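Residue numbers count from 1 along this sequence. All values below come from the heavy atoms of this structure, side chains included, with hydrogens, waters and symmetry mates left out. Everything numeric here is computed off the predicted structure, so don't read it as measured data.
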Amino acid sequence: GFGTCFLPEDLSERMSEQDFRRAADERTEAAVLAALRAGVRLFESSNKHMNQPAVGRALVRGAAEGLAARSELFLVGRICRCRDEAEVKREVDMLLGELRVEFVDLLLMDIPPERAPVAWPWAEALHRDGRARSLGAANFDLLGPKVCVEIFRDFLAGVRIPPAVVAMEV
């Protein structure tokens, strides 16, 4: 897979915010195209990443150049805002719009674990609408091993569509 987060430390020279954003976009597009040429087919993006529109442009360009059709790609989209159902829908609309796709293969709910039971039904609705082929949960590991297991079991007991992926730092 190919993570697409671009960090300020990825550039060594000092520059204005506008020049930084331009450089980040240019380097992101070049990196995604190079990854496509190298055969990478899994790409991860997030609404937290300022360069997500550049990822979308590169994926469209890669398809136009015959590097990979959308059907050959596995796109992971992370959302981290989930105050209410409308916000989750806005986040997914932004994600899909910036990536220039109709759906993501995995919608990863990169949210605090205590919000997961409330927000998960909203993600399930997006799955049913075809905007996410599968769903993933994240951050339960932040609770510590014992609490993580208990809270995650309680969470699973209340879902209709179980997470296909559980993202954890080890």
Using a 4.5 Å cut-off on heavy atoms from C-beta on, say whether the side chain of K48 contacts that of D110.
-> yes
Please indicate whether R37 has more than 12 foreign heavy atoms, meaning atoms of other residues, nucleotides or ligands, lying under 6.0 Å from its CZ.
-> yes
Does some side-chain heavy atom of I79 sit less than 4.5 Å from a side-chain heavy atom of M109?
-> yes
Beyond-backbone contact of L108 with P163, side-chain heavy atoms, under 4.5 angstrom = no
Passes salt bridge (charged side-chain N to carboxylate O under 4.0 Å, His left out), R22 versus D25? Steps please.
-> CA-CA 5 Å; R22 187 177 318 109; D25 281 353; over 6 Å; no
Are any of the side-chain heavy atoms of E124 and V159 separated by less than 4.5 Å?
-> yes
Given the rule in the side-chain contact (heavy atoms from CB on, under 4.5 Å) test, do L99 and F43 qualify, once you have shown the distances and angles that lead to the verdict?
-> CA-CA 11 Å; L99 290 177; F43 292 87; over 6 Å; no
Under 3.5 Å donor-acceptor, E72 side chain and A68 backbone | no
Given side-chain contact (heavy atoms from CB on, under 4.5 Å), test L75 with R70 step by step and report yes or no.
-> CA-CA 9 Å; L75 301 179; R70 171 63 182 96; 3.7 Å; yes
Value for CG (L59) from CD (E98), rounded to nearest 0.5 Å, stands at 12.5 Å
Check whether V118 and V166 end up in the same hydrophobic cluster, where Ile, Leu, Val, Met, Phe, Trp and Tyr are linked by side-chain heavy atoms less than 4.5 Å apart.
-> yes
Which residues pass the salt bridge (charged side-chain N to carboxylate O under 4.0 Å, His left out) test with R90, sequence neighbours left out?
-> none
To the nearest 0.5 Å, atom CG of L33 lies from atom OG1 of T28 at 10.5 Å
Checking N139 side chain against I111 main chain: does a donor-acceptor pair fall under 3.5 Å?
-> yes
Measure the acute angle between the ring planes of F155 and F140, then classify it against the limits of 30° and 60° as parallel, tilted or perpendicular.
-> tilted
Any chance you could lay out the side-chain contact (heavy atoms from CB on, under 4.5 Å) test for V104 and R78, step after step, and finish with the verdict?
-> CA-CA 10 Å; V104 289; R78 290 177 174 257; over 6 Å; no
Under 3.5 Å: donor-acceptor pair, side chain of S134, backbone of D105 | yes
Does R81 pair with E91 as a salt bridge, N-O distance under 4.0 Å?
-> yes
Single-linkage hydrophobic cluster, 4.5 Å side-chain cutoff, V60 and M94 together | no
Would you kindly confirm whether M168 and L142 end up in one hydrophobic cluster when ILVMFWY residues are joined by side chain heavy atoms under 4.5 Å apart?
-> no
Check M50 against A24 and note the closest heavy-atom contact, atom names and distance.
-> CE-CB, 3.5 Å
Between R83 and E87, the two heavy atoms sitting closest are N-OE1, 2.5 Å
Roughly how far apart are H127 NE2 and R160 CZ, rounded to 0.5 Å?
-> 13.5 Å
Partners meeting side chain to side chain donor-acceptor pair (under 3.5 Å) with E17 (sequence neighbours left out) | R21
Keeping the roles fixed (side chain from D129, backbone from R131), state whether a donor-acceptor pair exists under 3.5 Å.
-> no
Please answer: with hydrophobic residues joined when any side-chain heavy atoms are less than 4.5 Å apart, are L42 and L106 in the same cluster?
-> yes
Pairwise side-chain contact, E44 with H49, heavy-atom cut-off 4.5 Å (strictly under) | yes
ILVMFWY network linking F103 to L107, side-chain heavy atoms under 4.5 angstrom = no
Looking only at atom types and distance, does a side-chain atom of E29 sit under 3.5 Å from a main-chain N or O of A58, one as donor and one as acceptor?
-> no
Closest non-hydrogen contact found for C82 with R115 is O-NH2, 2.8 Å
Take L135 and L126 through the side-chain contact (heavy atoms from CB on, under 4.5 Å) test and state the conclusion after the steps.
-> CA-CA 9 Å; L135 302 174; L126 294 164; 5.9 Å; no
Among all residues two or more places apart in sequence or in another chain, which pass the salt bridge (charged side-chain N to carboxylate O under 4.0 Å, His left out) test with R41?
-> none
